[in-house]
Trainee: 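Attaching a single structure in structure tokens format; questions to follow.
Side chains included, hydrogens not; waters and symmetry mates left out as well; all remaining heavy atoms used. The structure presented is a predicted model; accordingly, all values stated were derived computationally and were not measured.
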Amino acid sequence: MTQLMAFTRKEWIEVLRTGKFFIVTVLFILFGVMNPAIAKLTPWMMEALSESLEDSGLALTDATVDALTSWVQFYKNVPMALIVFILMFSGILAAEYQKGTLINMITKGLSRWKIVVSKSFVLLLLWSFGYWMCYGITYAYNEYFWDNSIAEDAGFAAFCVYMMGVWLIALMMLMSTLFSAGSAVAVGTGGVFFLMYLSGMLPDLKKFLPTCLLEASGLLSGAGEAGDYSTALVVAAVLTVVQLVLAVLILNRKRL
């Protein structure tokens with residue numbers, strides 16, 4: 001346990017030292033502010049566009065803006081923030097391979113499973129911090145400008161997308177034990193996500209895939225029920241555990 005805590009502390013210090021914690025904080029604050037800001041500016045932008053489009057014979061109707069408009073932006077921006085997050089940390093093990101630091105620590109008695117657990121814990125902590133901060137900022141602004149009561153199951157929908165991020169982080173850790181280059185980890189993670197996304201086009205398979213959790217945003221406008229995503233949530237949680245276990249097993253056999 002002492003080794004695990006020491007290595008986790010080392011990982012956290014590395015995140016602070018390299019400025020990645022600062023980048024994650026700024027990134028999610030930016031997206032959190034952008035969501036209500038874009039919604040608030042939508043009528044002004046529509047008015048500005050209408051003047052230029054009138055000459056082309058096109059007419060724009062007045063845009064109705066409410067909390068749902070801002071939440072739509074939230075669920076459009078979160079995948080972009082998650083992509084940046086994955087790209088930023090795709091080399092979390094690759095850098096260790098290249099520097100040879102893992103060999104030194106393992107020869108000193110550090111168990112390989114503690115490496116996976118420590119790095120996964122730090123990544124999940126960063127993702128949780130960034131995501132829920134972004135959600136909180138958007139929620140607060142929406143409550144101030146409009147009324148969040150118009151959005152149904154807002155908390156559950158946000159949790160669904162959060163769990164999809166947790167699954168992707170575990171998948172990235174698995175890819176990090178399979179590949180020794182950060183670019184390969186990013187491509188492998190993105191490739192699995194893309195294949196699952198395409199598989200989601202099959203109605204009978206869709207409800208079992210973590211990628212369908214992205215569509216939970218439809219709950220805010222009353223499209224569907226929370227129970228429609230319960231299976232995907234369970235699958236995402238199970239896959240997260242399985243992927244981390246596989247990551248440990250693969251790293252135990254990997255030649256460093």
Side-chain angles (χ1 to χ4, degrees), residues 11-12 15-48 63-90 92 120-170 172 193 210-224 226 229 232-233 236-237 240:
E11 285 298 308
W12 184 249
V15 168
L16 294 175
R17 186 183 63 80
T18 56
K20 289 183 178 180
F21 176 77
F22 174 77
I23 295 172
V24 168
T25 302
V26 172
L27 175 70
F28 283 97
I29 287 177
L30 179 63
F31 277 114
V33 173
M34 277 176 56
N35 303 320
I38 292 175
K40 199 69 176 173
L41 291 173
T42 296
W44 175 83
M45 290 187 290
M46 295 288 286
E47 184 179 349
T64 302
V65 175
D66 52 26
L68 283 178
T69 310
S70 178
W71 283 122
V72 167
Q73 290 300 320
F74 175 83
Y75 288 104
K76 284 182 179 179
N77 290 333
V78 162
M80 290 189 288
L82 184 55
I83 290 171
V84 175
F85 187 91
I86 295 293
L87 291 175
M88 190 184 307
F89 292 100
S90 58
I92 192 166
S120 300
F121 176 76
V122 170
L123 287 177
L124 290 174
L125 188 64
L126 284 169
W127 167 243
S128 301
F129 167 75
Y131 180 85
W132 291 114
M133 177 177 61
C134 181
Y135 175 83
I137 291 171
T138 301
Y139 188 96
Y141 273 108
N142 289 354
E143 191 66 31
Y144 178 78
F145 288 123
W146 304 288
D147 183 6
N148 278 310
S149 63
I150 194 176
E152 300 179 23
D153 294 313
F156 180 77
F159 179 72
C160 286
V161 178
Y162 167 77
M163 281 302 298
M164 194 203 69
V166 171
W167 162 68
L168 272 178
I169 289 170
M172 182 179 68
F193 176 85
T211 48
C212 97
L213 295 175
L214 272 176
E215 300 179 11
S217 58
L219 293 173
L220 276 69
S221 58
Y229 301 94
L233 274 174
T240 296

Trainee: Is the distance from the ring center of Phe28 to that of Trp132 below 6.0 Å?
Mentor: no
Trainee: For atom CZ of Phe156, decide whether the heavy atoms of other residues, nucleotides or ligands shown that lie under 6.0 angstrom number more than 12.
Mentor: yes
Trainee: Give me the atom names and distance for the closest heavy-atom approach of Ala236 to Leu213.
Mentor: CB-CD1, 4.1 Å
Trainee: Please walk me through it: do Leu126 and Lys20 pass side chain to side chain contact (heavy atoms under 4.5 Å, CB included)?
Mentor: CA-CA 10 Å; Leu126 284 169; Lys20 289 183 178 180; 5.8 Å; no
Trainee: List the atom of Leu214, the atom of Pro79, and the distance in Å for their closest heavy-atom pair.
Mentor: CD2-CG, 4.0 Å
Trainee: Can you name the closest pair of heavy atoms from Leu123 and Phe85 and give their distance?
Mentor: O-CZ, 3.6 Å
Trainee: Could you check whether the rings of Phe193 and Trp167 sit parallel, tilted or perpendicular, using 30° and 60° as the cut-offs?
Mentor: tilted
Trainee: Between Gln73 and Met34, does a side chain to side chain contact (heavy atoms under 4.5 Å, CB included) hold up when you go through it step by step?
Mentor: CA-CA 8 Å; Gln73 290 300 320; Met34 277 176 56; over 6 Å; no
Trainee: Quick one: does Asn148's side chain have a donor or acceptor within less than 3.5 Å of a partner on Asn142's backbone?
Mentor: no
Trainee: Please name the pair of heavy atoms, one in Cys212 and one in Tyr229, separated by the smallest distance, quoted to 0.1 Å.
Mentor: O-CE2, 3.5 Å
Trainee: Do Met133 and Ile137 have side chains that get closer than 4.5 Å, going by heavy atoms?
Mentor: yes
Trainee: Could you state the interatomic distance from CD1 (Ile23) to OG1 (Thr18), rounded to the nearest 0.5 Å?
Mentor: 7.5 Å
Trainee: Please report the closest heavy-atom contact between Cys134 and Asn35, naming both atoms and the distance.
Mentor: SG-ND2, 4.2 Å
Trainee: How long is the span from the CG atom in Asp153 to the OG atom in Ser221, to the nearest 0.5 Å?
Mentor: 10.5 Å
Trainee: Below 30° counts as parallel, above 60° as perpendicular, anything between as tilted: where do the rings of Trp71 and Tyr75 land?
Mentor: tilted
Trainee: Just verifying a value: how many Å separate Leu233 CG and Cys160 SG, rounded to the nearest 0.5 Å?
Mentor: 4.0 Å
Trainee: From Thr25 OG1 over to Leu30 CG, what is the distance, rounded to the nearest 0.5 angstrom?
Mentor: 12.0 Å
Trainee: Answer yes or no: is there a donor N or O on one side and an acceptor on the other, between the side chain of Ser70 and the main chain of Ala67, under 3.5 Å?
Mentor: no
Trainee: First locate atom OG of Ser149, then atom CD of Glu143, and finally report the distance between them rounded to the nearest 0.5 Å.
Mentor: 7.0 Å
Trainee: So do Leu125 and Phe129 actually touch side chain to side chain, heavy atoms under 4.5 Å?
Mentor: no
Trainee: Testing the basics here: between Ile86 and Leu168, what is the closest heavy-atom pair and its distance to 0.1 Å?
Mentor: CD1-O, 4.3 Å
Trainee: Checking Tyr131 side chain against Phe159 main chain: does a donor-acceptor pair fall under 3.5 Å?
Mentor: no
Trainee: Answer yes or no: is there a side-chain heavy-atom contact under 4.5 Å between Phe74 and Ser217?
Mentor: no
Trainee: With a 4.5 Å limit on heavy-atom distance, are the side chains of Leu82 and Met164 in contact?
Mentor: yes
Trainee: Is the backbone N or O of Met80 less than 3.5 Å from a side-chain atom of Asn77, with the two atoms forming a donor-acceptor pair by type?
Mentor: no
